[in-house]
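Presented below is the structure to which this report refers.
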Amino acid sequence: MASSTALSLSWSSSPCWSHSFNSGANETLKVSERRFNFEVVSQKKAKKLRKVILKEDVTDLGKQGQLLDVKAGFFRNFLLPTGKAQLMTPLLLKELKMEDERIEAEKQRVKEEAQQLAMVFETVGAFKVKRKGGKGKLIFGSVTAQDLVDIIKAQLQRDIDKRLVSLPEIRETGEYIAELKLHPDVTARVRINVFAN
């Protein structure tokens, strides 16, 4: 809420001027009375902000490449001398938009590659895993994510990080479903057939 204070000032001028023209005649010139009203309004001082782009991550402020409004003093005394930000110009804004478009295109390309890889995994069929058998359907040990990664590498010549593999606990023979998180938006479901020797 901006508080404003109004102060009225008034000034009036009513001088009477007497001048003598021609030595014998006394003429009086009277200036009409004038009144001026001034109104002064005071407001809070406007905040001075600067549009800046961050060159690196700044704690409690933002991440690299982010466009922010910061106070002029903070920019002048901290961000500029340390090289953490620079003033936003139309040319810099255009470069920033081009960089964002390039990054977005790269993300889209990575997502499409992940979708193609997911199609490959889902059309392959079931991966077969052999384990030494125990009593009934039990197997010795269990099937781990590393076992699945090794089988995929042997059959499809694709390197997959084992941290991307989500497996149920496998301690018996049978068919199971594993999930490969290839991208935050793309998950491939792979069938595994476990059988005993």
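The structure displayed is predicted, hence computed values, not measured ones.
Residues Leu61 and Leu67 fall into different hydrophobic clusters, defined by Ile, Leu, Val, Met, Phe, Trp and Tyr side chains chained together at heavy-atom separations under 4.5 Å. A single hydrophobic cluster is not seen to contain both Val186 and Val165; linkage of ILVMFWY side chains at heavy-atom distances under 4.5 Å, directly or through other members, places them apart. Under the 4.5 Å side-chain heavy-atom criterion for Ile, Leu, Val, Met, Phe, Trp and Tyr, Val129 and Leu156 are members of the same hydrophobic cluster. No path of Ile, Leu, Val, Met, Phe, Trp and Tyr side chains, each step under 4.5 Å between heavy atoms, connects Met119 with Leu164, placing them in separate hydrophobic clusters. In the hydrophobic cluster analysis, where Ile, Leu, Val, Met, Phe, Trp and Tyr join through side-chain heavy atoms closer than 4.5 angstrom, Leu148 is grouped apart from Phe195.
The side-chain heavy atoms of Asn193 and Phe127, taken from C-beta on, include no pair separated by under 4.5 Å. Side-chain contact between Leu167 and Asp147 is absent, with no heavy atoms from C-beta onward closer than 4.5 Å. Here the side chains of Ile152 and Leu180 are in contact, with some heavy-atom distance below 4.5 Å. In this structure, Glu95 and Leu92 have side chains that are in contact, with non-hydrogen atoms separated by less than 4.5 Å. Side-chain contact between Lys84 and Lys55 is absent, with no heavy-atom pair separated by less than 4.5 Å. Looking at heavy atoms from C-beta onward, Phe121 lies in side-chain contact with Leu182 at the 4.5 angstrom threshold. Between Arg131 and Val143 there is a side-chain heavy-atom pair separated by less than 4.5 Å.
Residue Val70 is tested with Leu49, Leu79, Val58 for a side chain to side chain contact (heavy atoms under 4.5 Å, CB included); the sole match is Leu79.
Between Glu112 and Arg109 there is no salt bridge, since none of the side-chain N atoms of the basic residue sits less than 4.0 Å from a carboxylate O of the acidic one. Looking at Asp69 and Arg50, no side-chain N of the basic residue comes within less than 4.0 Å of a carboxylate O on the acidic one, giving no salt bridge. Ion pair Glu101/Lys97 not flagged as a salt bridge, since none of the NZ, NE, NH1 or NH2 atoms sits closer than 4.0 Å to an Asp/Glu carboxylate oxygen. Salt bridge status for Arg191 with Glu175: present, with a side-chain N to carboxylate O gap under 4.0 Å.
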Give the C-alpha distance, both sets of side-chain angles, the deciding distance and a yes or no for side chain to side chain contact (heavy atoms under 4.5 Å, CB included) between Asp185 and Lys111. CA-CA 8 Å; Asp185 299 334; Lys111 183 177 179 180; 3.6 Å; yes

Between Leu93 and Met88, does the side chain to side chain contact (heavy atoms under 4.5 Å, CB included) criterion hold? Intermediate values first, please. CA-CA 7 Å; Leu93 185 62; Met88 179 54 65; 3.7 Å; yes

Passes side chain to side chain contact (heavy atoms under 4.5 Å, CB included), Leu117 versus Gln115? Steps please. CA-CA 5 Å; Leu117 191 58; Gln115 287 172 338; over 6 Å; no

For salt bridge (Lys or Arg N to Asp or Glu O under 4.0 Å), just list the numbers for Glu104 and Arg102, CA-CA rounded to whole Å, side-chain angles, deciding distance to a tenth of an Å, and then say yes or no. CA-CA 5 Å; Glu104 197 62 37; Arg102 187 190 63 76; over 6 Å; no

The test is side chain to side chain contact (heavy atoms under 4.5 Å, CB included); show your working for Ile151 and Ile192 and say whether it passes. CA-CA 10 Å; Ile151 292 169; Ile192 303 170; over 6 Å; no

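Judged by distance alone, the side chain of Asn77 and the main-chain N or O of Phe74 form no donor-acceptor pair under 3.5 Å. The main-chain N or O of Gln64 is found under 3.5 Å from a side-chain atom of Asp57 such that the two form a donor-acceptor pair. Checked by atom type and distance alone, the side chain of Gln66 pairs as donor or acceptor with a backbone atom of Lys63 at under 3.5 Å.
The two residues Phe140 and Gly133 have their closest heavy-atom pair at CE1-O, 3.2 Å. In this structure, Leu96 and Gly65 approach most closely via the heavy-atom pair CD1-O, 3.7 Å. Nearest heavy-atom pair across Pro81 and Phe78 is CD-O, 3.4 Å. Minimum interatomic distance between Thr173 and Ala196 (heavy atoms only, all atoms of both residues): CG2-N, 3.6 Å. When all heavy atoms of Lys162 and Val149 are compared, the closest pair comes out as CA-CG2, 3.7 Å.
The CD1 atom of Ile103 sits 14.5 Å away from the CD atom of Gln108 when rounded to the nearest 0.5 Å. Note: Glu172 CD to Ser142 OG = 12.0 Å, rounded to the nearest 0.5 Å. Atom NZ of Lys128 is separated from atom CD of Gln155 by 9.0 Å, given to the nearest 0.5 angstrom.
Counting heavy-atom neighbours within 6.0 Å of Glu106 CD, excluding the residue itself, gives a total above 12.
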